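Below, chain A is the first sequence line, B the second, and so on; all start at residue 1. Quick caveat, the model's predicted, so the values are computed rather than measured.
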Number of protein chains: 2
Amino acid sequence: MPISLRQIRYFVATAELGQISQAAVELSISQSAVTTAIRELERTVNLQLFERSSSGMGLTPAGREFLFHAYEILQKVHEATHLTIPSGNVEGRLVVAATYTVIGYFLPDHLQRLQRAFPGLDIQLHEVNREAIEEGLLDERYDIAVLLTSNVRDPQIASETMMSSTRRLWVPSRHPFLKKARVGLADVAREPYIMLTVDEAANTSLSYWSTSHYSPNVKLRTSSVEAVRSMVASGQGVAILSDMVYRPWSLEGQRLETIVLQEPVPAMNVGLAWARHARFNKAMEAFRAYFRQAFHIPQMRTDTSPSAPPHLAKTDGAG
Amino acid sequence: MPISLRQIRYFVATAELGQISQAAVELSISQSAVTTAIRELERTVNLQLFERSSSGMGLTPAGREFLFHAYEILQKVHEATHLTIPSGNVEGRLVVAATYTVIGYFLPDHLQRLQRAFPGLDIQLHEVNREAIEEGLLDERYDIAVLLTSNVRDPQIASETMMSSTRRLWVPSRHPFLKKARVGLADVAREPYIMLTVDEAANTSLSYWSTSHYSPNVKLRTSSVEAVRSMVASGQGVAILSDMVYRPWSLEGQRLETIVLQEPVPAMNVGLAWARHARFNKAMEAFRAYFRQAFHIPQMRTDTSPSAPPHLAKTDGAG
DNA sequence: GCTGTAATATCAAAAAATCAGAAGGCCTCG
DNA sequence: CGAGGCCTTCTGATTTTTTGATATTACAGC
């Protein structure tokens, strides 16, 4: 018999609360219903997920593994049931420039979704650095760009931040830092440090470390967020990571805590940029509209496209 | 009302077959059951997923997006229901060395799963290059290593390949190459090329390109597999990618084909390595057993641990 | 313009899954 | 050794899902 989401939901509630009876209260159903659902679940996956005791239900190793997958499933289901689909049927070519790190760690999913949302849109992606992007936008070689907006210099370039994620210190649970009133870079400098080498993190790190008088004691550099998480969780070091890599749930045995540092650490801002003088065509509007909805930025009216966005009209009436 | 996996399964079948009646046959249930399930699904996600016509059901853009998510959900469910859990309760520390690329693109998931499977196992991960790994294994500074096994040189190092994935040429559908009897590097050299910069792909590429007399016409270098897929699918270039990044389903509008190249292109081999003289302790056995089961390599008996693996005993009786 | 065909939609009854509540067993703690 | 938690099992009630028959719609051929 195939499993159901109902079973997964009951399983997760029980795993989190450690007791079927508690889970039943949480789920507002009877406790026997939960018992049966879990029994059937165990039977169909052919694994013992819980250790039964008089004090409740404790996860077995198999159960922990299953819980992890269960979270992933529920996460995907949530995503699927909360789709916001950009409307319209845009045709045409859009020449997009993006920086290396944005292409690597930010764009991929969005490119896929854009392709699905606008099958008629032909997105030509170019990987160039910030300077070349600014030039290219003004030259009209690129229609629009995706980059770290805090780095944009040229006043003729307009930009809009889509995602800003603050950076925090990640430590294993029971780490002494958690008992301190305040933790600063001076403290961090004395700990082994796991450095993430994506998204200019390494460069940005250097910038904020250099303004302090300390430097991180780098134990390992890696481009894998998961590796950083694993290593921090297992007590091999600490890291300063942006909230972008936040996971909505933590897992037993995967104990991570975050601390806001005493010193201000710059946030990571990713967003769009375009030439102020540019006219927004349908493709550009669609691209922008997609990102606005993806990051829950209030939509603007799209009645009179092609048109320059309102706040551009102020500085450049040639829309 | 929350959605159910049943609805998702019916939705997927209908989306794939284009007709509710066909899907009903495929699912061995009545047509009206499918109709109802899909109607309810559309109602709860509040999206029109299909365009109804007298010829059947065509996906709307929202439907295509949902289908993508539906596949992900079913994929996760499949994973969750087919867990193979390494047994045992291993305690202790394991010092693991791995190369940069392996840490970045191969280990993360496995590290997580290992942590869950063996909560008592304290994995100390070190990122070092191949040479240092070989030295470190012989010095007993590292217990075991994960690396590209084809690169291992020292005969005192034993290795075991876990995953071998061949590289193929990826082209958009309707590409002229698909009509050719044979495609070689000479042909590829004339096409814009999207180069993936992970897993030593760039280096390896150079090695097989250099043995030919051609060189790729690199249009874009990126570390994102998804970006490569997007760009190849939208006709912006071709790429030579390993099967490791294979996705079990393709999506309309995401049309990719693969071609085996005329010239032999080296496969990518990832695996474990250890010093031949090393005794396998419980932690090492567990580590190895985990990977063996993860990649469906026949299990060996683990009765008399600690012990050297059988094929080592031949060359080194000091097990 | 019929008309046949092939598709989805609708509806009431039947079947299946799920649920609540009660009874029972096991364990722990006082 | 008894009370209180907790999980399990059982039964009948309830809800969901399926079925099978019956519209309804669009299209193609005559």
Side-chain angles (χ1 to χ4, degrees), chain A residues 1-60 62-64 66-67 70 73-74 77 81, chain B residues 1-60 62-64 66-67 70 73-74 77 81:
Chain A
M1 188 179 57
I3 72 170
S4 69
L5 287 180
R6 183 185 57 88
Q7 289 171 312
I8 293 180
R9 287 188 262 259
Y10 293 2
F11 166 80
V12 168
T14 305
E16 287 181 342
L17 296 169
Q19 289 184 182
I20 286 190
S21 43
Q22 282 295 103
V25 172
E26 170 86 11
L27 296 164
S28 308
I29 57 169
S30 80
Q31 160 256 45
S32 65
V34 183
T35 297
T36 334
I38 287 178
R39 168 164 46 75
E40 285 307 296
L41 179 62
E42 286 183 320
R43 214 174 54 77
T44 62
V45 302
N46 202 24
L47 287 172
Q48 191 184 338
L49 302 175
F50 288 107
E51 211 73 77
R52 273 77 166 168
S53 78
S54 62
S55 65
M57 312 277 279
L59 284 171
T60 61
R64 269 191 293 279
F66 190 86
L67 177 59
I73 292 167
L74 295 185
V77 168
T81 50
Chain B
M1 189 178 60
I3 72 170
S4 69
L5 288 180
R6 182 184 57 87
Q7 289 171 312
I8 293 179
R9 288 189 261 257
Y10 294 2
F11 165 81
V12 168
T14 305
E16 287 182 341
L17 295 170
Q19 289 182 183
I20 285 189
S21 43
Q22 282 295 103
V25 172
E26 170 87 10
L27 296 163
S28 308
I29 57 169
S30 77
Q31 164 261 357
S32 58
V34 182
T35 298
T36 323
I38 288 178
R39 169 163 45 73
E40 285 308 295
L41 179 62
E42 287 183 317
R43 214 173 54 77
T44 62
V45 303
N46 202 24
L47 288 172
Q48 190 183 337
L49 302 174
F50 288 106
E51 212 71 79
R52 273 79 166 168
S53 79
S54 61
S55 66
M57 311 278 280
L59 283 172
T60 61
R64 268 192 293 279
F66 191 86
L67 177 59
I73 292 167
L74 295 185
V77 168
T81 49

Heavy-atom closest contact ([X] atom, [Y] atom, distance):
{"X": "Gln31(A)", "Y": "Ala24(A)", "answer": "CA-CB, 3.5 Å"}
{"X": "Arg6(B)", "Y": "Ala37(B)", "answer": "NH1-CB, 3.8 Å"}
{"X": "Leu49(B)", "Y": "Glu42(B)", "answer": "N-OE2, 2.7 Å"}
{"X": "Ile8(A)", "Y": "Ala70(A)", "answer": "CG2-CB, 3.8 Å"}

Can you tell me if the side-chain N/O atoms of Arg52(A) get under 4.0 Å from OP1 or OP2 in dT8(D)?
yes

Rounding to an integer number of Å, can you tell me how far [X] [atom1] sits from [N] [atom2]?
{"X": "Glu51(B)", "N": "dT25(D)", "atom1": "CD", "atom2": "P", "value": "17 Å"}
{"X": "Leu17(A)", "N": "dC7(D)", "atom1": "CG", "atom2": "P", "value": "11 Å"}
{"X": "Arg39(B)", "N": "dT16(D)", "atom1": "CZ", "atom2": "C1'", "value": "13 Å"}
{"X": "Phe50(B)", "N": "dT25(D)", "atom1": "CZ", "atom2": "C1'", "value": "19 Å"}

Tell me, do Phe50(A) and Thr60(A) make a side-chain contact under 4.5 Å, heavy atoms counted?
no

With a 4.5 Å limit on heavy-atom distance, are the side chains of Glu51(B) and Met57(B) in contact?
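Glu51(B) vs Met57(B): side chains apart.
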
With the criterion being N/O to N/O and under 3.5 Å, what pairs connect the protein with nucleotides 18-21 of chain D, and how long is each?
residue: dT18(D); atom: OP1; partner: Tyr10(B); partner atom: OH; Å: 2.5
residue: dT18(D); atom: OP2; partner: Arg6(B); partner atom: NH1; Å: 2.7
residue: dT19(D); atom: OP2; partner: Ser30(B); partner atom: N; Å: 2.4
residue: dT19(D); atom: OP2; partner: Ser30(B); partner atom: OG; Å: 3.0
residue: dG20(D); atom: O6; partner: Ser32(B); partner atom: OG; Å: 2.9

Taking any atom closer than 4.0 angstrom to a non-hydrogen atom of chain A, what span of DNA chain C does the protein reach, first nucleotide to last?
dT18(C) to dT28(C)

Sugar-phosphate, base or nothing in reach of Thr35(A), heavy atoms under 4.0 Å:
base

Pair Glu40(A) + Arg43(A), salt bridge at N-O below 4.0 Å:
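Salt bridge present between Glu40(A) and Arg43(A).
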
Where each residue is assigned the nucleotide of DNA chain C containing its nearest heavy atom, which of Ser55(A) and Ser4(A) is assigned the position nearer the 5′ end?
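Counting from the 5' end, the first nearest nucleotide belongs to Ser4(A).
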
Give me the one residue out of Leu41(A), Thr36(A), Ile29(A) that meets side-chain contact (heavy atoms from CB on, under 4.5 Å) with Tyr10(A).
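One option only clears the test, and that one is Ile29(A).
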
